[in-house]
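For ligands, and for the atoms within them, numbers begin at 1 and follow the listed sequence. Everything quoted here is computed from the prediction, not taken from an experiment. What you see below is based on every heavy atom in this structure, not just the backbone, and it leaves out hydrogens, waters and symmetry mates.
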Amino acid sequence: MYRQTIQDSRTTGYQTAINNQFVNMSTLRFKAVEVASKRAPVEIPSPGQLPSEYYGTYVFNRTQMSKYLSKETMNIVLAAIDQGTTLHREIADHVAAGMKMWAIEMGATHYSHWFQPLTEGTAEKHDSFIDYVNGPAGGIIERFSGKLLAQQEPDASSFPSGGIRNTFEARGYTAWDPSSPAFIIDDTLCIPTVFISYTGEALDYKTPLLKALSAVDKAATAVCHFFHPEVKKVYSYLGWEQEYFLVDEALYAARPDLCLTERTLMGHESAKNQQLEDHYFGAIPSRVAAFMKELEYEAYKYAIPLKTRHNEVAPNQFELAPIFGETNLAVDQNLLVMSLMHRIAAKHHFRLLLHEKPFAGVNGSGKHNNWSLGTDTGIGLFTPGKTANENLLFVTFLVNTLMAVYKHNALLKASIMSASNAHRLGANEAPPAIISVFLGKQISAVLDKIEESSEDDDITVDELKKMKLGISHIPEVLIDNTDRNRTSPFAFTGNRFEFRAVGASANCSPAMFVLNATVAAQLIDFKAEIEQKMKKGMKKEQAIFDTLRIYIKASKPIRFEGNGYSDEWKEEAACRGLDCETSVPVIYDAYTSPQSVEMFERIGVLNEKELHARNEVKWETYTKKIQIEARVLGDLCMNHIIPVATEYQSMLLDNLFKMRAVFDKEKADHLSKEDAALIEEIAAHISAIKTNVDDMVNARKAANKLEDAREKAVAYHDTVQVYFDIIRYHVDKLELIVDNQMWTLPKYRELLFIN
Ligand code: ADP
Ligand code: MG
């Protein structure tokens, strides 16, 4: 047993943290606790400069472009960024030359197309700038052409593609996305790209996002023209809030479940965790503060405008958030921040946990996606205005969003669902696995007023002005946090919506492309309806008002102001016809429902083939995650838990025998009756663990025989993961009984408190 567990610790690199060759695991646990508790903050050098002085130095942004590109080239690139015009090869050559010069001056020797495959995180393949001048005899130079900037063919056939690229068409290529600036990591120039198959299908997260953003721009601009003909472009904005946990690396390494699954598969609740609410917004521990400072320093160099940092609700849980920005860029920045966080955490002897639920019984981690739309003329489309016209515009976008979320609530849920986020959603502190919208009292009252107005009312501009009374003071009122329902998965917060169901480890892209796509499709329908009514002779304002009234009525089931955590809501939501499915693999079906396929195809974001292929990948990923968890849980039970419990049990038995040797039988039995009871209790738990692990293994074997990806994922959900909680229950009971000195795995009370 000990050899085996030492093997575990070697593979996790813990060897380097503790130079102990053959310790047993419980010694390892106490060593880890000791190392962690004595750890001092890592000294970080002071930048000696204000953030504004080093902000963006690692990014080929507008400032750098103006230094390294001709004015003419720069203008063409900016037009491509702002208006989405195509860049010609010749221009790409100019940009590549400037970019190379900048990168080499910054110390880069390599370049890489940086893309977002359907796995988690990002992918990169580095190539050196070096090339022969004139064959091998001619020496080498640094070369980087427009062709290399614009397009690459990474041999990326092992990325999941859901079967889009079979062996005959295994090639996929990456193509430059000029709207997200290139940046330097270490010695490598990273170029944000899309990743598509040779037949044009999206193999990544960025491609559908860019298409959805373009669709919402077009659709929203057209609707804006009812009010402001001068609007040329509508931007989608995203401000993410990233929650995360930190754990000391020594403790992390002594928990094979954390190392291999990013969450604790067992562990009894600590007597004290978050019940005193003393962590939230409390003083940040000095080791963590050092980590945060270094992270901010690095993030600023990448022009990521981190603004907020604080403790979160659970012990060891924290949050950071930047100033919001254009959605495509904000998504890339979030991915970059997540990788920076991992690297910098390691430097500070922490491990970063982005898993949505690393610890049972305390809050999980989300990534609230604050989302809004705004025009190139500076109008926030979800910002209540001061005039009747502005308010009608505001209500138009608000109500169309309600309608989109209502129609596609199942799809929106699918967009944020994963094996790990499933642990957080529906648990008692996170948004439930039902999508609803919270508007707050004031906005609800405005919509109610519109809804109640009679269809025959001829709404005049004067009457609209009266509504101003109801709307114009809203921004002030909403600043008051008491009107912010924390239990809602999709809440209006004064000038934006907050999509809170997104998971901490997720790429924001699916949530954002689904949301922007559904709103785009909805706005197209809305515009068509208005035009129809106007053709029939209705005045524009009247047509808009009339349509909004119908929408408000129709979308009512999605509005919910009550407690989203309550059981009554689950019942009521089902009655309202909202999607209440809780099985992750089944939730993904929403991507390929006729309604979703029609919507995605109509606005050109994804076609049916792509949607099916992407679901295959999701099911496979789900299966693999549960499979790994099941294996780790089984191993830990057999290698750690049962041996330790048996050892303790035999100590008790030993005691019992000795009692009988010293005292007469009756007295001995009387004196050791608690021990005897414990022995039985331990035996019962051990037996339950053993039986359930065996059953789980058999369920896994049966599931593995299934060929179909969806069927297999469903089987893993229905027949394998159901054992996790049962097994855990018995393990956690044993943790309470067994001698603390013998227990091998660091306990919650040790993992969850950074000194
Ligand atoms: P809270 O925790 O109170 O919800 P935070 O300040 O932590 O708020 O985060 C709010 C996020 O919302 C920030 O990233 C902020 O920049 C962003 N945000 C603010 N206004 C908008 C907007 N109009 N559109 C999109 N995001 C916004
Ligand atoms: Mg928020």
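In this structure, the side chain of Trp371 does not engage the main chain of Arg496 through any donor-acceptor pair within 3.5 Å.
Using a 4.0 angstrom heavy-atom cutoff, Glu498 counts as in contact with ligand 1. Not a single heavy atom of Gly380 sits closer than 4.0 Å to an atom of ligand 1.
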**OP:** Go through Tyr300 and Ile304 one step at a time and tell me if the side-chain contact (heavy atoms from CB on, under 4.5 Å) criterion holds.
**Re:** CA-CA 5 Å; Tyr300 290 158; Ile304 302 169; over 6 Å; no
Original post:
Stepwise, does the salt bridge (Lys or Arg N to Asp or Glu O under 4.0 Å) test hold for Lys347 with Glu294?
Top reply: CA-CA 10 Å; Lys347 216 175 131 185; Glu294 186 164 1; 2.5 Å; yes
Original post:
Run the ring pair (Phe, Tyr, Trp, His ring centres under 6.0 Å) check on Phe245 and Phe359 step by step: do they pass?
Top reply: CA-CA 10 Å; Phe245 279 86; Phe359 303 101; 5.4 Å; yes
**OP:** Verify side-chain contact (heavy atoms from CB on, under 4.5 Å) between Ile379 and Leu381, making sure each step is shown before the conclusion.
**Re:** CA-CA 6 Å; Ile379 305 169; Leu381 295 173; 4.3 Å; yes
Subject >> Verdict with supporting geometry, Arg500 and Asn369, side-chain contact (heavy atoms from CB on, under 4.5 Å) >> reply: CA-CA 6 Å; Arg500 300 195 182 118; Asn369 276 207; over 6 Å; no
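The side chain to side chain donor-acceptor pair (under 3.5 Å) test with Lys206 is passed by exactly one of Asn507, Thr193, Asn328: Asn328.
Under 4.0 Å from ligand 1, the heavy atoms of Glu319 that appear belong solely to its side chain.
Distances between N or O atoms of Glu241 and those of ligand 1 include at least one value under 3.5 Å. Distances between N or O atoms of Leu238 and those of ligand 1 include no value under 3.5 Å. At under 3.5 Å, a nitrogen or oxygen of Pro322, whether backbone or side chain, sits near a nitrogen or oxygen of ligand 1. Of the N or O atoms in Ser372, one or more lie within a sub-3.5 Å distance of an N or O in ligand 1.
Taking every non-hydrogen atom of Ile323 and a distance limit under 4.0 Å, the qualifying atoms of ligand 1 come out as 16 (O).
When the heavy atoms of Leu306, Thr383, Thr308 are ranked by distance to atom 6 (O) of ligand 1, first place goes to Thr308.
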